[in-house]
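In each ligand, atom 1 is the first atom listed, and ligand 1 is the first ligand listed. Everything quoted here is computed from the prediction, not taken from an experiment. The analysis underlying the following values was restricted to heavy atoms, covering all of them including side chains, and did not include hydrogens, waters or symmetry mates.
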Amino acid sequence: MTKDLLMWDETIFRDPEVFETDFIPEQFNFRENQIKELAFKIKPGMSGSRPLNTICRGLPGTGKTTTIKKLFSEIESHTQRLVPVHINCQIDNTKFAIFAQIYHKLSGKSIPASGTSFKTVFEMLCKIILDRNIVLLVCLDDANYLLYEKEINKILYTLLRAHEAVKGVRIGIITVISDMDINLMEEVDMRVSSVFRPDEIYFPPYTSDEMKEILLQRVYQGFYPNVIKSAVIDIVVEQTMKAGDLRVGIDLLKRAGINAEMDARKTIEIDDICRAYEVSKNIHLKNTLKTLKIDEMDLLKMISDLAGENNEITSSDLFITVKEKLKMGYTRFTETVKKLDSLRIININYKGIRGRSRIITLRYEPDQIKENLRK
Ligand SMILES: Nc1ncnc2c1ncn2[C@@H]1O[C@H](COP(=O)(O)OP(=O)(O)OP(=O)(O)O)[C@@H](O)[C@H]1O
């Protein structure tokens, strides 16, 4: 019986890979300007000069990482002079871990887990750069993760001033930020800002038509013909726009396809999408929560606790508790509430004749939020 199930080779997926999170699409529309701009900043590195520093900014799922990965593979296919290194700061978020990753990329070797000082790693790295006469281009993706412990200052300072420590070393930096409220230049100290001077490249959210075209492309590549009707795709687009993150739509297609296959059907129906959405909608939540600062997470957890007890939450009552338990000031409190609203995690409704009293409600189940808060 098990054998029959596993060997059943009829599938509606032509290429399941296209629904994976690390899939790099061949066709990458609506980001031509960003690619062009970033290429222009990087270009000096191709002939041995230092690339210009940049900040790529945009909400989650707006194609920042894909743009960079595409450009990096283009660089690698044209030159060995400029060496791009992509760092995922969600995973590597200390100075040592980041430089160890860069060393690994350049040498193919890992740093021994213990006993190697940062100074040694740095010197080994600079030696490779000089010996091979290369220019380094480091992308700090999801750099918001470096802000928590102010680690960003140590990392940027070391990268930006490397040429002062070792003459001839050239390094360009791309930082990627998915939090629209963070002004990186305000977060770094003077020693860094005086040499960093990045240009910003903005990645706007996709419109509904753009989302539809991107998702249609995945459908053509990922499913066999006629697996999903146009009207059903429209619902996927609608749900994706509601969540505000393209990843939700891609995940939704994959899960809906699996749902249809589990029922041994050859077409994806609306019900498959609705069932899938219950899981896929968390992708956006997870991506959004990861961009929050610690005190913002604390406030959200408090709202979730109160909402879980079926309380009506007015902003004035909430502030009394917040002031007492989180020691948060009023300005920061209103800023954070506004941010949670703009990220579509909470809703703010105005109540009362003069509309002064604000009621806060969650857009998700309280438990769903608490489960996805990393802490
Ligand atoms: N223009 C596009 N065409 C096709 N697929 C796209 C496009 N933009 C984004 N995607 C897809 O959407 C998903 C998210 O893209 P990406 O990781 O590049 O976003 P991001 O802005 O870096 O997000 P985050 O800030 O959360 O890291 C990926 O699966 C990517 O393939």
Side-chain angles (χ1 to χ4, degrees), residues 15-39 54-74 84 86-93 139-147 174-182 184 200-223 233 236-237 239-241 243-255 257 276 280-293 339 342-345 372 374:
D15 181 3
E17 272 301 298
V18 310
F19 301 112
E20 291 307 314
T21 44
D22 55 356
F23 175 75
I24 304 284
E26 188 114 334
Q27 200 164 351
F28 187 57
N29 297 329
F30 316 118
R31 288 298 173 244
E32 289 82 4
N33 290 341
Q34 287 78 3
I35 294 188
K36 219 186 278 171
E37 231 180 297
L38 191 56
T54 45
I55 298 177
C56 293
R57 184 197 292 278
L59 288 170
T62 48
K64 302 178 296 294
T65 302
T66 312
T67 295
I68 287 159
K69 290 211 166 151
K70 279 194 160 279
L71 272 173
F72 278 16
S73 77
E74 183 89 3
H86 178 265
I87 306 282
N88 181 347
C89 299
Q90 272 186 67
I91 299 169
D92 295 307
N93 45 32
C139 168
L140 300 172
D141 203 344
D142 273 327
N144 7 340
Y145 274 83
L146 306 177
L147 295 174
I174 302 171
T175 43
V176 180
I177 303 275
S178 52
D179 183 329
M180 299 311 289
D181 292 339
I182 290 177
L184 194 58
E200 185 163 312
I201 302 177
Y202 176 56
F203 289 68
Y206 292 116
T207 63
S208 169
D209 286 347
E210 289 171 342
M211 288 258 194
K212 182 164 183 178
E213 207 174 313
I214 295 168
L215 290 171
L216 271 176
Q217 195 58 44
R218 294 284 160 123
V219 166
Y220 291 141
Q221 271 184 277
F223 294 122
I233 295 175
V236 175
V237 175
Q239 304 280 50
T240 311
M241 283 305 283
D245 187 338
L246 191 51
R247 278 195 200 91
V248 172
I250 297 171
D251 193 67
L252 203 50
L253 289 170
K254 171 179 156 180
R255 285 180 199 279
S280 302
K281 66 182 181 188
N282 275 336
I283 290 209
H284 178 69
L285 182 62
K286 235 187 223 162
N287 285 332
T288 310
L289 295 186
K290 79 183 185 195
T291 69
L292 297 181
K293 299 193 183 96
K339 177 169 177 179
S342 69
L343 289 174
R344 303 181 189 184
I345 302 172
N372 284 286
R374 63 179 176 106

TODO: Give a yes/no on ligand 1: does Arg218 have at least one heavy atom closer than 4.0 angstrom to it?
DONE: yes

Open item on the list: Within ligand 1, which atoms have a heavy atom of Ser178 less than 4.0 Å away?
Closed with: 25 (O)

Open item on the list: Rounded to the nearest 0.5 Å, what separates atom CG in Leu216 from atom CD1 in Ile233?
Closed with: 5.0 Å

Open item on the list: Any atom of ligand 1 sitting under 4.0 Å from a heavy atom of Gly58?
Closed with: no

Task: Location of contacts on Pro60 toward ligand 1, heavy atoms closer than 4.0 Å - done: both

Open item on the list: Once you restrict to heavy atoms under 4.0 Å, what part of Asn29 touches ligand 1? Side chain, backbone, both or neither.
Closed with: backbone

Open item on the list: Between Phe30 and Met211, is the side-chain contact (heavy atoms from CB on, under 4.5 Å) condition met? List the steps.
Closed with: CA-CA 10 Å; Phe30 316 118; Met211 288 258 194; over 6 Å; no

Task: Nearest neighbour of atom 27 (O) of ligand 1 from the list Gln90, Gln27, Arg247, on a heavy-atom basis - done: Arg247

Open item on the list: Tell me if a side-chain donor or acceptor on Lys254 pairs with a main-chain N or O of Val18 at a distance below 3.5 Å.
Closed with: no

Task: Ile345 vs Lys339 side-chain heavy atoms within contact, under 4.5 Å - done: no

- [ ] Would you mind checking which non-hydrogen protein atom is closest to atom 8 (N) of ligand 1, with the distance to 0.1 Å?
- [x] Tyr206 OH, 2.6 Å

- [ ] Could you find the nearest protein heavy atom to atom 22 (O) of ligand 1 and give me its residue, atom name and distance?
- [x] Thr65 OG1, 2.6 Å

TODO: Determine, stepwise, if the pair Asn29 / Glu210 fulfils side-chain contact (heavy atoms from CB on, under 4.5 Å).
DONE: CA-CA 8 Å; Asn29 297 329; Glu210 289 171 342; over 6 Å; no

Open item on the list: If we count only N and O atoms by modelled type, under 3.5 Å, do the side chains of Asp142 and Gln90 hold a donor and an acceptor together?
Closed with: yes

- [ ] Considering heavy atoms of the protein only, find what lies nearest to atom 4 (C) of ligand 1 and give residue, atom and distance to 0.1 Å.
- [x] Ile214 CG2, 3.3 Å

Open item on the list: Distance check, rounded to the nearest 0.5 Å: Leu253 atom CG versus Thr240 atom OG1?
Closed with: 7.5 Å

TODO: Could you name the option among Gly249, Gly63, Cys56 that has the heavy atom nearest to atom 19 (O) of ligand 1?
DONE: Gly63

Task: Side-chain heavy atoms of Phe23 within contact of Ile250, under 4.5 Å - done: no

Open item on the list: Restricting to non-hydrogen atoms, name the atom on Ser280 and the atom on Asp251 that form the minimum distance, rounded to 0.1 Å.
Closed with: OG-OD2, 3.0 Å

Task: Leu38 CG to Ile174 CD1 distance, which is reported to the nearest 0.5 Å - done: 4.5 Å

Task: Ligand-side contact atoms (ligand 1) for residue partner Phe23, heavy atom cut-off under 4.0 Å - done: 31 (O)

TODO: Give, for atom OG1 of Thr65 and atom CG of Asp141, the distance between the pair rounded to the nearest 0.5 Å.
DONE: 3.5 Å

- [ ] Show which atoms of ligand 1 fall inside a sub-4.0 Å distance from at least one heavy-atom site of Leu246.
- [x] 6 (C), 7 (C), 8 (N), 9 (C), 10 (N), 11 (C), 12 (O)

TODO: Please confirm whether Phe203 comes under 4.0 Å of ligand 1, counting heavy atoms of the residue only.
DONE: no

Task: Residue and atom name of the nearest protein heavy atom (relative to atom 18 (O) of ligand 1), distance in Å to one decimal - done: Thr66 OG1, 2.5 Å

TODO: For Ile250, counting its heavy atoms only, list the atoms of ligand 1 lying under 4.0 Å from any of them.
DONE: 11 (C), 12 (O), 29 (O)

Open item on the list: What protein heavy atom lies closest to atom 21 (O) of ligand 1? Include the residue and the distance to one decimal.
Closed with: Lys64 NZ, 2.7 Å

Task: Contacting atoms of ligand 1, where contact means under 4.0 angstrom from a heavy atom of Pro25 - done: 4 (C), 5 (N), 31 (O)

TODO: Using distance alone, determine whether Thr67 and ligand 1 share an N or O pair under 3.5 Å.
DONE: no

Task: Heteroatom proximity flag, Glu20 to ligand 1, N/O under 3.5 Å - done: no

